[in-house]
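Since the structure comes first, as structure tokens, the remarks are kept for the end.
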Amino acid sequence: QVQLVESGGGSVQAGGSLRLSCTASEKVYRCMGWFRQAPGKESEGVAAFDSRGRGSMFYADSVQGRFTISKDLAKNTLSLQMNNLKPEETAMYYCAAAPRVGPLSPCPRLARTGYDVWGQGTQVTVSS
């Protein structure tokens, strides 16, 4: 059973930065992503990575230009660099993987339903 463990959450002031990491117990899968959920709100896809070919990254419009998703295959780690954070981005951030997606099938990108392995989450709190 694949396990994902997130780390790097914390408290920052608006405009600050955090770097989240997700370490996979087996390997970094082709299709992986970051999601977040604030209290009382629906889960939101933040960023996703498809490492097929040269790799493709996908971002929610709200984080485009501020967040960067990356993979370190040697460390089995998926990272999310978050810059210029906003108070409304306070949420629990989750790492997800889609290990059953075939090599010729598209990744689920920011669609939550396409992922079937989830980490326990790491809290990000942004104060104004």
Side-chain angles (χ1 to χ4, degrees):
Q1 178 73 20
V2 175
Q3 291 186 330
L4 304 175
V5 179
E6 301 96 334
S7 61
S11 297
V12 295
Q13 291 190 329
S17 299
L18 283 174
R19 185 177 181 86
L20 305 183
S21 294
C22 171
T23 301
S25 59
E26 296 183 357
K27 64 177 182 179
V28 178
Y29 288 90
R30 175 169 74 87
C31 304
M32 296 190 69
W34 285 97
F35 291 75
R36 64 187 178 192
Q37 187 166 21
K41 295 187 177 181
E42 293 186 357
S43 176
E44 174 189 20
V46 176
F49 197 109
D50 179 347
S51 56
R52 183 168 47 183
R54 294 188 177 184
S56 301
M57 288 75 78
F58 307 93
Y59 298 96
D61 289 344
S62 60
V63 307
Q64 185 77 40
R66 298 185 297 117
F67 288 16
T68 302
I69 189 171
S70 61
K71 284 184 179 180
D72 186 333
L73 298 180
K75 297 181 179 179
N76 287 355
T77 299
L78 179 76
S79 297
L80 183 67
Q81 177 67 41
M82 306 186 296
N83 299 326
N84 192 20
L85 283 160
K86 304 175 181 180
E88 56 265 35
E89 294 179 312
T90 293
M92 187 71 79
Y93 284 69
Y94 298 90
C95 173
R100 294 186 291 179
V101 173
L104 301 180
S105 299
C107 287
R109 301 185 181 182
L110 301 180
R112 178 183 175 87
T113 55
Y115 295 88
D116 48 16
V117 180
W118 294 82
Q120 83 288 350
T122 185
Q123 177 68 39
V124 171
T125 302
V126 186
S127 59
S128 57

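Nothing fancy with the numbering, it's 1 onward along the sequence.
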### Side-chain (Gln64) to main-chain (Asp61) donor-acceptor, under 3.5 angstrom
no

### Message
Return the CG to CZ distance between Leu110 and Phe58, rounded to the nearest 0.5 Å.
### Response
8.0 Å

### Task
Kindly determine whether Arg36 and Val63 satisfy side-chain contact (heavy atoms from CB on, under 4.5 Å), including the steps that lead there.
CA-CA 12 Å; Arg36 64 187 178 192; Val63 307; 4.0 Å; yes

#### Entry: Nearest-0.5 Å distance, OG of residue Ser127 to CD of residue Gln13
5.0 Å

### Task
May I ask you to decide if Leu73's main-chain N or O and Lys27's side chain share a donor-acceptor pair within less than 3.5 Å?
no

### Query
Which pair of non-hydrogen atoms, one from Cys31 and one from Pro108, has the smallest distance, and what is that distance?
CB-CD, 4.0 Å

### Query
Same cluster or not: are Val46 and Val117 linked, directly or through other Ile, Leu, Val, Met, Phe, Trp or Tyr residues, by side-chain heavy atoms under 4.5 angstrom apart?
yes

### Task
Indicate whether any N or O donor in one side chain lies under 3.5 Å from an N or O acceptor in the other, for Asn76 and Thr23.
no

### Query
For Ala24 and Leu4, which heavy atoms make the closest approach, and how far apart are they?
CB-CD2, 3.8 Å

### Message
Quick one: does any side-chain atom of Arg66 pair with a main-chain N or O of Asn84 as donor and acceptor, under 3.5 Å?
### Response
yes

#### Entry: Identified side chain to side chain contact (heavy atoms under 4.5 Å, CB included) partner of Leu18 from the options Thr125, Val12, Val126
Val12

### Query
Is a side-chain N or O of Ser128 found less than 3.5 angstrom from the main chain of Pro87, in a donor-acceptor match?
no

### Task
Drop me the distance from Trp34's CH2 to Ser79's OG, to the nearest 0.5 angstrom.
7.5 Å

### Query
Can you tell me if Thr122 uses its side chain to pair, donor with acceptor, with the backbone of Gly9 under 3.5 Å?
yes

### Message
Whether the side chain of Thr77 engages the backbone of Lys75 through a donor-acceptor N/O pair (distance < 3.5 Å, no angle test) should be reported.
### Response
yes

### Task
Give the intermediate values and the outcome of side-chain contact (heavy atoms from CB on, under 4.5 Å) for residues Tyr59 and Thr68.
CA-CA 8 Å; Tyr59 298 96; Thr68 302; 3.9 Å; yes

### Message
Quick check for you: to the nearest 0.5 Å, what is the distance between Gln81 atom CD and Ser21 atom OG?
### Response
9.5 Å

### Task
Please confirm whether the backbone N or O of Gly119 pairs with a side-chain atom of Gln3, one donor and one acceptor, at under 3.5 Å?
no

#### Entry: Residues Arg30, Val101; criterion side-chain contact (heavy atoms from CB on, under 4.5 Å); working and verdict
CA-CA 8 Å; Arg30 175 169 74 87; Val101 173; 3.3 Å; yes

### Message
What I want to check is whether the side chains of Arg112 and Ser43 have a donor and an acceptor closer together than 3.5 Å.
### Response
yes

### Query
Where is the tightest heavy-atom contact between Pro99 and Tyr29, given as atom of each residue plus distance?
CB-CE2, 3.4 Å

### Query
With a 4.0 Å cut-off, would you call Lys41 and Glu88 a salt bridge?
no

### Query
Given the rule that I, L, V, M, F, W and Y join up when any side-chain heavy atoms are under 4.5 Å apart, are Leu85 and Met92 in one cluster?
no

### Distance, nearest 0.5 Å, that separates CZ of Phe67 from CZ of Arg19
13.0 Å

### Query
Does a salt bridge link Asp116 with Arg100, judged by any charged N lying under 4.0 Å from a carboxylate O?
yes

### Task
Check whether the ring centres of Trp118 and Phe35 lie less than 6.0 Å apart, and answer yes or no.
yes

### Message
Test side-chain contact (heavy atoms from CB on, under 4.5 Å) on Leu20 and Met82; report intermediate values, then the result.
### Response
CA-CA 8 Å; Leu20 305 183; Met82 306 186 296; 3.7 Å; yes

### Close side-chain approach of Gln37 to Tyr93, heavy-atom, < 4.5 Å
no

### Message
Whether the side chain of Arg52 engages the backbone of Cys107 through a donor-acceptor N/O pair (distance < 3.5 Å, no angle test) should be reported.
### Response
no

## Note on the structure
Distance col, row Glu6:CD vs Leu80:CG, nearest 0.5 angstrom, shows 11.0 Å

#### Entry: Backbone of Arg109 reached by a side-chain donor or acceptor of Tyr115 within 3.5 Å
yes

### Query
So if you build clusters from Ile, Leu, Val, Met, Phe, Trp, Tyr with side-chain heavy-atom gaps below 4.5 Å, do Met32 and Val2 land together?
yes

### Message
If you apply the rule side-chain hydrogen bond (donor to acceptor under 3.5 Å, both in side chains), what do you find for Asn83 with Ser17, and how did you get there?
### Response
CA-CA 4 Å; Asn83 299 326; Ser17 299; 2.9 Å; yes

